[in-house]
Amino acid sequence: MTDLRLPLAPDLPDEQWALFLDIDGTLLEHAAHPDAVFVGDELRQLLGRIERRLGGALAFITGRSVSAVDRLFHPLKLRVAGLYGLEHRLTPDGQVNIADAPADIAALADEIEAELGGGKVYVERKGPVLAIHTRAAPQLLARATQLVEQALTQLPPGYRVIAGNAGVELMPLEAVKGAAIRRFMETAPFAGRRPVFLGDDSSDEHGFEAINEANGISIRVKPRGPTVASYGLGDVTEAIAWLEANFGAARVS
Ligand SMILES: O=P(O)(O)OC[C@H]1O[C@H](O[C@H]2O[C@H](CO)[C@@H](O)[C@H](O)[C@H]2O)[C@H](O)[C@@H](O)[C@@H]1O
Ligand SMILES: [Mg+2]
């Protein structure tokens, strides 16, 4: 049985922690549409403080694209793995590296949009990753899932379907958050530190596995089902309060 008690406040010096953060459902409350989420200045400032305090060892690990993340958090720019690790930027001002993807799935997005029509289902096109959002029409989730599963047979090998939060996503097999975390952990300033990862979704489970293997602290926000995370936090508000309490204070030098 997973122990979901809140971990004790970290007692290592700042230089020994590396922090990885999922975005939607962890730092941001869900909204009806992906573009309708709210990023407040307090959160921006908190993340900026943490980034400085940890000497840069802070990265977003998200299903959103890096460009979408930058738009949301503007003017704050952080290290980020986007599209479940298919994209990554190892320094805040560095270039975005994009993995080779088996296929562009724009045509498939058109077909699914036409089939599910009516405007209530939002088909988010993210290059090699496709997210079908059924938050506004939950009765269409089963059909959306069926359509993307059928699509697997039309695509080159190497794709999978995962349940999203109020939707479903189709993505290349190599799009896994654990791989994204391991990549950061091989580079400065993350290498050699103890990693912490906060996430809220089934797509974060691979990330928790990578963290557990590295003797880190894995925390699932609002756990609804089985999880390999070692700890749990009730919701976004608790997650932000936990970050503030453990990493948020300005560094005393
Ligand atoms: O890995 P994450 O940072 O948690 O991103 C996962 C997906 O988040 C977004 O979709 C989800 O949040 C939206 C805003 O609350 C919501 O409208 C939608 O129903 C959720 O599925 C984002 O749009 C996706 O691209 C991310 O993969
Ligand atoms: Mg999430």
To the nearest 0.5 angstrom, please state how far the [atom1] atom of [X] sits from the [atom2] atom of [Y].
X: Ile105; Y: Gln154; atom1: CD1; atom2: CD; answer: 11.0 Å
X: Glu186; Y: Ile181; atom1: CD; atom2: CD1; answer: 12.5 Å
X: His206; Y: Ile211; atom1: NE2; atom2: CD1; answer: 14.0 Å
X: Leu140; Y: Leu147; atom1: CG; atom2: CG; answer: 9.5 Å

Give the C-alpha distance, both sets of side-chain angles, the deciding distance and a yes or no for salt bridge (Lys or Arg N to Asp or Glu O under 4.0 Å) between Lys222 and Asp200. CA-CA 6 Å; Lys222 214 173 181 177; Asp200 74 305; over 6 Å; no
Residues passing the side-chain contact (heavy atoms from CB on, under 4.5 Å) test with Ser67, sequence neighbours excluded, are Ser65, Arg71
side-chain contact (heavy atoms from CB on, under 4.5 Å) partners for Ala239, two or more places apart: Leu198, Val221, Leu233
Given 3.5 Å as the limit, does a donor-acceptor pair link the side chain of [X] with the main chain of [Y], or not?
X: Thr153; Y: Gln150; answer: yes
X: Lys126; Y: Gly63; answer: yes
X: Arg160; Y: Leu152; answer: no
X: Tyr122; Y: Ala32; answer: no

Could you check if a side-chain atom of [X] sits within less than 4.5 angstrom of a side-chain atom of [Y], using non-hydrogen atoms only?
X: Glu149; Y: Val168; answer: no
X: Ile132; Y: Thr145; answer: no
X: Ser203; Y: Met171; answer: no
X: Leu27; Y: Leu243; answer: yes
X: Ile112; Y: Val121; answer: no
X: Ile240; Y: Leu43; answer: yes
X: Phe197; Y: Leu19; answer: no
X: Leu46; Y: Phe247; answer: no

ILVMFWY cluster, [X] and [Y] together (side-chain gap under 4.5 Å):
X: Leu130; Y: Ile98; result: no
X: Ile23; Y: Ile162; result: no
X: Val129; Y: Tyr159; result: no

Counterpart residues, salt bridge (charged side-chain N to carboxylate O under 4.0 Å, His left out), relative to [X] (two or more places apart):
X: Glu244; answer: Arg49
X: Glu205; answer: Arg220
X: Glu213; answer: Arg182
X: Asp110; answer: Arg125

What closest approach, in Å, do [X] and [Y] show between heavy atoms, and which atom pair accounts for it?
X: Phe208; Y: Ile219; value: CE2-O, 3.4 Å
X: Asp24; Y: Val37; value: OD1-CG1, 3.9 Å
X: Glu29; Y: Val236; value: OE2-CB, 3.5 Å
X: Ala136; Y: Lys120; value: CB-O, 3.6 Å
X: Ser218; Y: Ala229; value: OG-CA, 3.4 Å
X: Arg64; Y: Pro34; value: NH2-O, 3.0 Å

Looking at Lys77, I want to see if its NZ is surrounded by more than 12 non-hydrogen atoms of other residues, nucleotides or ligands under 6.0 Å. yes
Look at atom CD of Glu42 and say whether more than 12 heavy atoms of other residues, nucleotides or ligands are closer to it than 6.0 Å. no
Give every donor-acceptor pair under 3.5 Å between a side-chain atom in residues 172-179 and any protein atom, sequence neighbours left out.
unit_1: Lys177; atom_1: NZ; unit_2: Asp22; atom_2: OD1; d: 2.7
unit_1: Lys177; atom_1: NZ; unit_2: Ile61; atom_2: O; d: 3.0
unit_1: Lys177; atom_1: NZ; unit_2: Asp204; atom_2: OD1; d: 2.7

The test is side chain to side chain contact (heavy atoms under 4.5 Å, CB included); show your working for Leu28 and Phe38 and say whether it passes. CA-CA 7 Å; Leu28 303 182; Phe38 174 71; over 6 Å; no
State which residues pass side-chain hydrogen bond (donor to acceptor under 3.5 Å, both in side chains) with [X]; sequence neighbours excluded, sorted by chain then number.
X: Asp41; result: Arg44
X: His133; result: Glu124
X: Arg143; result: Glu115, Gln146
X: Asn165; result: His30, Arg135

Yes or no on side chain to side chain contact (heavy atoms under 4.5 Å, CB included) for Val148 and Leu108, after CA distance, side-chain angles and deciding distance? CA-CA 9 Å; Val148 283; Leu108 176 67; 5.6 Å; no
Which of parallel (below 30°), tilted (30 to 60°) and perpendicular (above 60°) describes Phe190 and Phe20? parallel
Run the side-chain donor-acceptor check on residues 78-93: report pairs under 3.5 Å with partners two or more places apart or on a different chain.
unit_1: Arg79; atom_1: NE; unit_2: Leu90; atom_2: O; d: 3.0
unit_1: Arg79; atom_1: NH1; unit_2: Glu51; atom_2: OE2; d: 3.0
unit_1: Arg79; atom_1: NH1; unit_2: Gly56; atom_2: O; d: 3.1
unit_1: Tyr84; atom_1: OH; unit_2: Glu169; atom_2: OE1; d: 3.4
unit_1: Tyr84; atom_1: OH; unit_2: Glu169; atom_2: OE2; d: 2.8
unit_1: Glu87; atom_1: OE1; unit_2: Val66; atom_2: N; d: 2.7
unit_1: His88; atom_1: ND1; unit_2: Arg183; atom_2: NH1; d: 3.1
unit_1: His88; atom_1: NE2; unit_2: Asn97; atom_2: ND2; d: 3.4
unit_1: Arg89; atom_1: NE; unit_2: Pro92; atom_2: O; d: 3.1
unit_1: Arg89; atom_1: NH1; unit_2: Asp70; atom_2: OD2; d: 2.7
unit_1: Arg89; atom_1: NH2; unit_2: Asp70; atom_2: OD1; d: 2.9
unit_1: Arg89; atom_1: NH2; unit_2: Leu78; atom_2: O; d: 2.8
unit_1: Thr91; atom_1: OG1; unit_2: Gly94; atom_2: N; d: 3.1

For Thr134 and Leu116, run side chain to side chain contact (heavy atoms under 4.5 Å, CB included): C-alpha distance rounded to whole Å, both residues' side-chain angles, the deciding distance at 0.1 Å, then the answer. CA-CA 10 Å; Thr134 57; Leu116 295 177; 5.5 Å; no
